[in-house]
> 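The structure's right below; bear with me while I get my questions together.
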Amino acid sequence: MPELPEVETIARQLDAALAGGRLRAVEIRDARLRLASLARLNGCRIAQVRRYGKQLVLELIPPRRRRVALWLCVHLRMTGRLLWYPGRGDPAELRRARAVLTLDRGTLVFRDTRRFGTLTLRETLAEVLPAGVEPLSAALDAARLTKLLANSPTPLKTWLLRQDRLVGIGNIYASEICFAARLDPRRPAGGLSNGERARLLRAIRRVLTAAIRHCGTTFSDFQDSLGRTGGYVRYLKVYGRAGQPCRACGTPVERFVQQQRSTFRCPRCQPG
DNA sequence: ACCCTCCTGTCA
DNA sequence: TGACAGGAGGGT
């Protein structure tokens, strides 16, 4: 489900709701989730909630002596949700929860139909930080992007999905970014001209920033921490629009498969 | 670069 | 019934 804009939306909401709160209990209901040293979480204060790549990270301060922070990381993968209830929580959601975090001020429910999501506890920030560059950080400028792309034979859309160079871009925004940059997703990533790379960088920033502004995209079942859907779905130009007219030129949008995943492209706006 | 796998649900 | 779904790790 969630890519950078969706995870960012949840992180901002949860930071506002949870920061300063205290964990009273952490209950793992799905045995597939294995979380070491659960007991250490009880009584921890939540310093902040942040997004790193596609992960949601709760920075926890243990009570009393050991003041070294712990990092509780949630990766929602395809269908994960973190739902926040200021009170006890919706009983229907609680029944289907993979995990329930009880705070002094409310209940955080981890739901995840396909159960691909993960929950991990890290001891240091270094273990939390992703290898790739945050695409909306100052670290990603033209020079850095050029270096990252250098000589890569990988098709551009496939390249955008790899989390070891840029983090946070998934299948929806990879197609949308290629469209916004007017680049064929099958072009070798390392073969772009200076002008094309500049377009790509602008597209990455523009698409992700706009998607965050609209609280992400709900294509099928994304919900934020308050159970709301993402408004950017109205602004999708190509994703999920196979056969429908391109919003820019009217040419039917085409769908094809790269790496066993759907890619959408306007043949006229993104010539090969 | 391709293949498969983890899991469950929905749609044509 | 089979295709497909916003992710990612593994194998070849």
Side-chain angles (χ1 to χ4, degrees), chain A residues 1-11 29-34 51-57 73-82 92-93 95-99 110-120 128 130-132 135 151-179 185-191 207-208 210-212 214-225 227-244 253-264:
Chain A
M1 156 174 70
E3 308 178 30
L4 186 154
E6 292 76 35
V7 181
E8 180 68 25
T9 297
I10 296 173
R29 300 210 177 159
D30 181 346
R32 185 172 293 272
L33 289 177
R34 308 205 66 83
R51 176 192 63 78
Y52 293 97
K54 294 178 188 171
Q55 291 219 99
L56 279 155
V57 181
C73 306
V74 184
H75 198 309
L76 299 170
R77 296 287 176 95
M78 297 286 266
T79 55
R81 288 179 191 170
L82 275 178
E93 298 293 343
R95 265 197 301 280
R96 288 176 291 193
R98 297 188 76 195
F110 179 28
R111 270 210 52 194
D112 182 15
T113 304
R114 290 175 75 178
R115 299 160 73 206
F116 290 162
T118 58
L119 204 55
T120 50
V128 176
N151 300 322
S152 172
T154 308
L156 178 58
K157 188 253 188 166
T158 305
W159 188 93
L160 288 169
L161 290 178
R162 292 190 48 162
Q163 304 296 301
D164 55 347
R165 283 111 163 206
L166 298 184
V167 292
I169 298 170
N171 209 39
I172 292 179
Y173 298 111
S175 279
E176 292 298 312
I177 287 166
C178 289
F179 177 84
R186 297 165 295 193
R187 292 271 304 277
V207 168
L208 295 178
I212 290 171
H214 294 281
C215 299
T217 301
T218 298
F219 183 70
S220 57
D221 60 3
F222 166 68
Q223 288 187 359
D224 66 17
S225 69
R228 294 184 305 212
T229 57
Y232 193 72
V233 64
R234 290 194 311 257
Y235 301 92
L236 293 180
K237 300 286 201 297
V238 288
Y239 186 87
R241 301 193 64 247
Q244 297 177 54
V253 171
E254 65 171 8
R255 172 191 175 276
F256 52 91
V257 174
Q258 291 177 287
Q259 292 211 145
Q260 290 83 245
R261 310 194 71 188
S262 292
T263 301
F264 298 88

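Small disclaimer: the values here were computed from a predicted structure and weren't measured. To find a chain, count down the sequence lines: A is the first, B the second, and so on, and within it residues start at 1.
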> Using a 3.5 Å distance criterion without hydrogens, assess whether the side chain of A:Arg29 forms a donor-acceptor pair with backbone atoms of A:Ala31.
no
> Okay, side chain of A:Ser152, backbone of A:Thr154: is any donor-acceptor separation there less than 3.5 Å?
yes
> Tell me the interatomic distance from A:Arg111, atom CZ, to B:dT8, atom P, rounded to whole angstroms.
13 Å
> Are any protein N/O atoms closer than 3.5 Å to N/O atoms in nucleotides 8-10 of chain C? If there are, list each pair with its distance.
from	atom 1	to	atom 2	distance (Å)
C:dA8	OP1	A:His75	NE2	2.8
C:dA8	OP2	A:Lys54	NZ	2.7

> Considering only the C1' atoms, how many Å lie between B:dA1 and C:dA5, rounded to the nearest integer?
22 Å
> Take the angle between the ring planes of A:Phe264 and A:Tyr239 and call it parallel below 30°, perpendicular above 60°, tilted in between.
perpendicular
> Rounded to the Å, how far apart are A:Asp112 CG and C:dA5 P?
18 Å
> Rounded to whole Å, how long is the line connecting atom CZ of A:Phe219 with atom P of C:dG7?
12 Å
> Please report, rounded to the nearest Å, how far the C1' atom of B:dA12 is from the CZ atom of A:Arg255.
14 Å
> Around atom CG of A:Asn151, are there more than 12 heavy atoms of other residues, nucleotides or ligands at under 6.0 Å?
no
> When you measure from the side chain of A:Glu176 to the backbone of A:Lys237, do you find a donor-acceptor pair of N or O atoms at a distance under 3.5 Å?
yes
> Can you see whether A:Arg114 engages A:Thr79 through a side-chain donor-acceptor pair at a distance of less than 3.5 angstrom?
no
> Tell me what A:Thr154 touches on the nucleic acid: a base, only sugar-phosphate, or nothing, going by heavy atoms under 4.0 Å.
sugar-phosphate
> Does a side-chain N or O from A:Ser262 land closer than 4.0 Å to OP1 or OP2 of C:dA5, or not?
yes
> When we call it a touch if two heavy atoms are under 4.0 Å apart, what does A:Arg162 touch: a base, just sugar-phosphate, or nothing?
nothing
> Measuring from the side chain of A:Pro155 (C-beta onward, heavy atoms only), which nucleotide among C:dG7, B:dA1, B:dT8 has the closest atom?
B:dA1
> Expressed in angstrom and rounded to an integer, what is the separation of A:Leu56 atom CG from C:dG7 atom P?
14 Å
> Look for any protein N or O under 3.5 Å of an N or O in nucleotides 2-5 of chain B and output each such pair with its distance, or none.
from	atom 1	to	atom 2	distance (Å)
B:dC3	OP2	A:Gln260	OE1	3.0

> Just one of A:Arg98, A:Arg96, A:Arg111 clears the salt bridge (Lys or Arg N to Asp or Glu O under 4.0 Å) bar with A:Asp30, so which one?
A:Arg98
> Mind calculating the distance between CG (A:Asp221) and P (C:dG7) to the nearest angstrom?
12 Å
> Examine distances only and state if a side-chain atom of A:Gln163 and a backbone atom of A:Leu161 form a donor-acceptor pair shorter than 3.5 Å.
yes
> Assess the side chains of A:Gln258 and A:Thr263: does a donor N or O sit below 3.5 Å from an acceptor N or O?
yes
> Go through the side-chain N and O atoms of A:Thr118 and A:Thr120 and say whether any donor and acceptor fall under 3.5 Å apart.
no
> Between the main-chain N or O of A:Arg187 and the side-chain N or O of A:Lys157, is there a donor-acceptor pair closer than 3.5 Å?
no
> If we ignore angles and hydrogens, is there a donor and acceptor under 3.5 Å between the side chains of A:Glu6 and A:Tyr173?
yes
> For DNA chain B, what string of dots and brackets results from 5' to 3' when Watson-Crick and G-U pairs need both distances under 3.5 Å, crossing pairs get [ ], and pairs with another strand get |?
||||||.|||||
> What is the distance, rounded to the nearest whole Å, between atom CZ of A:Arg115 and atom P of B:dC6?
12 Å
